[in-house]
Structure formats: C-alpha cells, structure tokens
Amino acid sequence: MEQATALVSFDVQRVREDFPILSRTVNGKPLVYLDNGATTQKPKQVVDAIQAYYTDINSNIHRGVHHLSQLATDAYEITRRKVREFINAGHEHEVILTPGTTHGINLVASCYGKAFVKPGDEIIISAMEHHSNIVPWHMLCEDRGAVLRIIPVTEEGELDMETYRSLLNERTKLVAVTYVSNALGTINPVKELIALAHRADVPVLLDAAQAIQHLPIDVQALDVDFLVFSGHKMYGPTGVGVLYGKEKYLEAMPPYQGGGDMIKEVTLTKTVYNDLPFKFEAGTPNIEAGICLADAIDYLNEIGLDRILAYEHDLLEYATERMLEIPGLRIIGTAKEKSSVISFLVEGTHPYDVGVILDKLGIAIRTGHHCAQPLMDHYGIPGTARASLAMYNTVEEIDALVAGIARAQAMLV
Ligand SMILES: Cc1ncc(COP(=O)(O)O)c(C=O)c1O
C-alpha cells in the first residue's frame, strides 16, 4: 500500500524518542501502546517537569508570601495563561483548573443546574456519550425534576441532526455533547450543533476529552459556552483538567464546593465568595499536575496540532484499510469524520479474549463497553475491542496489531 503524505513527512521516530516508556517491553515483546483514548503516555519534558517541581519549588499556592509559594503560584498561573492561549479563551478567569473532565461536567451539572434548571426543563445529550456526560445529567434531572432528551445515533455512528433540531425547544436549558466519541471515534459537527442551539437561545457544553489532543480548538470561533477536558489524555499529568466557561454563565452560577481559595471573606455566619476563576477552585489542587499541564501544552504546540491531525488521520486510514483485510472483522463506528479510534469485533470471538491474546504479544488495546453502555445497547453488543492511536504510533505498530488480531482469530475461532 502506498503511504499517504503525512505518514512519510511526520518524523514519528523523533517524537518517539521523547517517550521513554515506548521503548520498554511487555511480555518479552516491544510495547505497542494503542490505549491512548484511556490515557496517553507522557513525554520526558512532562516527566522531568514533575520531578523539577518537587525538587525545586514544591509549595502550596495562592496564599504564601514566601519565595517558594510565589514560584509555585506563578507557575500554576502560567498554566492558566497557556490554557487560555491554547483554546483561545477570551479571558484567563474563564479557565477553571479542575481535577479532570468528569469533575468539570459534574460542576456544570450541579452549579448551572442550581442557577438555571427548574422542574419540567429539558437537557439534551446524545446516545454516544461517555458515562461522565450522562450520569451527572441523570443526577441533575432527579434533583431538579428536569427531563433528559437524547439525540439518537445512526448505524454509522453519527448524530441524527434532524432529530436534534426537533428536540430543541423553549424548555431546553442546555445541550451537552461529546466533540469526539471515545468509543467510535466520530467527530461531531459541533459548530453546527452549537449554532442550532444558540438559535434557540440554549448554551452548549462540549466534552472535549477525546478532542483536545487531536484537533485545534478555538472556543471563541466555536462560540461554545462550556468546554471540558483532562490533562492525562493530552500527554499531561493525571489529576488536572480544564473547565472553560463563558464569564456570563460562570458569574451567574453558585460555587461547586466550599473551602479555602474560593472565598474573599469568611465570618462565622457568612461567606463572601472569591472572584472567577477561584470561586470554582476550592481547596489545595493537584499543584504539580496543574503546573506541568503547561509542559504538555508546550509539547503539543511544538509538534503542532495541525501536523498531529494530518498524521493521525493518515494512520487511521492505513489502520482501517489493513484491519478490514481480516475476514470477519467488523468496525463499529464508520462516520465520515473520524478521529483515530477503531472499535472492532472479530466474528466468533469475544473482545476480551482478543485483548488478552494481544497483551501476550505486547499490544495494549482496550476491551469492554468503554464507559458508553447506552451506545453498546444501541448496537446490541456488550462491548468492542478498541485501538486508539496517538501521534507516536507507527505503521509498523498497526502491522503488528493486524498480525496479532489474525493470530488471535486463528487461536479462538
Ligand atoms: C469522551 C470522554 N468523556 C469523559 C471522559 C472522562 O475523563 P476523566 O476520566 O479524565 O474525567 C472520558 C474518558 O475516557 C472520555 O473519553
């Protein structure tokens, strides 16, 4: 097969040198890491920064006059600035640093819910959401007597936009959808989705957990109202994430948790809340993760998301073609616009067994429902095997995956 341009022009070997874990072996075989949707590996720039934090500046932030505290605070606030630039937010105070995507969605469900959602109001999500973007809305609906409406998914794994249009009405209070499906790879038409919601005067939350590491995102160009993502899926540390929110909504929402940092003044009878963004950042955060998220952003900027997108796109096409050469292999999720996720089933085998055999060959994939049980119900399957690709994966690794699946098939069928 002739190799597409980006597969040739992107210096993947050079990128791989930044990820020491990629040269280890698993079960005596070179590691082939294809579970990037769950979490990405970290470049040494990020690992070194974590070590440097503890070696040089470890201290609590935002409340110390001493030197180390000021260094740590400055470093933490540099991350906020870099996140603002990375997603082109209008203001730094619209960037809330959270423990991750799940926390961000729960925060919006709880606080936006308290401020804006009344009995009989409606929230729209889709049938392809991760449980993190379903359960908080179930909880909100239970709490506020609201109703959840669902955008159906087509057989190819795309959103049914006609039904979406018909769901928007004067009772709709929020639309919360994923930018990229973790289980199918579908890239949703978010610009259109947001424009339609805004025409009905409805704000939109985008779950960008599977988008931020693959696509350039400009929150002002999208005009999105809330955007959430996790550091650990974008080559950064675990324990930090981002909630971007438009000032007008964040100002109108009550705080999520009470505690240190989110206050201006406390007496024994009352609390005056702090300004944005601190109003939503109670307690000591994961400081080193917060600081070192900036190193992950620097790394992504250095490689360039446009180049990453082109390379991963061509790698996905190569992988899709090669995998479809295996008789009995079916890909779940065949949307026209796809990110680098391939969910698949091999006739006559259980995904778990395929995953275990691949692991023996050093190949890490994920099997199961991918925290998207309603989506699996839609396809009438208990789960899939999923290979999710990152910028450091190679054509040779795809070949190893294809050979591994064929071997598993020979053993199991
Ligand atoms: C689309 C999507 N949303 C939300 C999450 C939850 O992310 P986290 O566990 O980092 O909070 C994930 C994680 O896989 C995801 O893929």
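First listed ligand is number 1; within each ligand, the first listed atom is number 1.
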Checklist entry - Hey, which atoms in ligand 1 end up nearer than 4.0 Å to a heavy atom of Thr101? => result 4 (C), 7 (O), 11 (O)
Next on the checklist: At less than 4.0 angstrom from any non-hydrogen atom of Thr178, what atoms of ligand 1 do you find?
Outcome noted: 1 (C)
Next on the checklist: Whether the Ser132 and Thr102 side chains hold a donor-acceptor pair (N or O, under 3.5 Å, no angle test) is what I'd like checked.
Outcome noted: yes
Checklist entry - Which residue and non-hydrogen atom of the protein lie closest to atom 15 (C) of ligand 1, and at what distance in Å? => result His130 CD2, 3.3 Å
Checklist outcome for this item: Quick note on ligand 1: atoms under 4.0 Å from a heavy atom of Thr102 include exactly 6 (C), 7 (O), 8 (P), 9 (O), 11 (O)
Checklist entry - Which of the atoms in ligand 1, numbered in the order shown and given with their element, are less than 4.0 Å from a heavy-atom of Ser230? => result 7 (O), 8 (P), 10 (O), 11 (O)
Next on the checklist: Check the orientation of Tyr112 and Phe226. Use parallel for under 30°, tilted for 30 to 60°, and perpendicular for over 60°.
Outcome noted: perpendicular
Checklist entry - Any chance the side chains of Tyr392 and Asn36 put a donor and an acceptor closer than 3.5 Å? => result yes
Item to check | Lys233 touching ligand 1 at heavy-atom level, < 4.0 angstrom | outcome: yes
Item to check | ligand 1 to Ser132 polar contact by distance, N or O atoms, under 3.5 Å | outcome: no
Checklist entry - Going by the angle between their ring planes, with limits at 30° and 60°, are His62 and Tyr76 parallel, tilted or perpendicular? => result perpendicular
Checklist entry - Is Gln220 atom CD crowded by more than 12 heavy atoms from other residues, nucleotides or ligands, each under 6.0 Å away? => result yes
Checklist entry - How are the rings of Tyr352 and His350 set to each other: parallel, tilted or perpendicular (split at 30° and 60°)? => result perpendicular
Checklist entry - Among the heavy atoms of His103, does any lie under 4.0 Å from an atom of ligand 1? => result no
Checklist outcome for this item: Among Thr39, Thr238, Asp207, the residue with a heavy atom nearest to atom 1 (C) of ligand 1 is Asp207
Checklist outcome for this item: Atoms of ligand 1 under 4.0 Å from any heavy atom of Asn182, numbered from 1 in the order shown, are 16 (O)
Checklist entry - Taking everything shown except Arg63 itself, do over 12 heavy atoms lie less than 6.0 Å from its CZ? => result yes
Checklist outcome for this item: Gln210 heavy atoms within 4.0 Å reach ligand 1 at atoms 1 (C), 14 (O), 15 (C), 16 (O)
Checklist entry - Just heavy atoms, cut-off under 4.0 Å: does His232 contact ligand 1 by side chain, backbone, both, or neither? => result side chain
Checklist entry - Going by the angle between their ring planes, with limits at 30° and 60°, are Tyr299 and Phe19 parallel, tilted or perpendicular? => result perpendicular
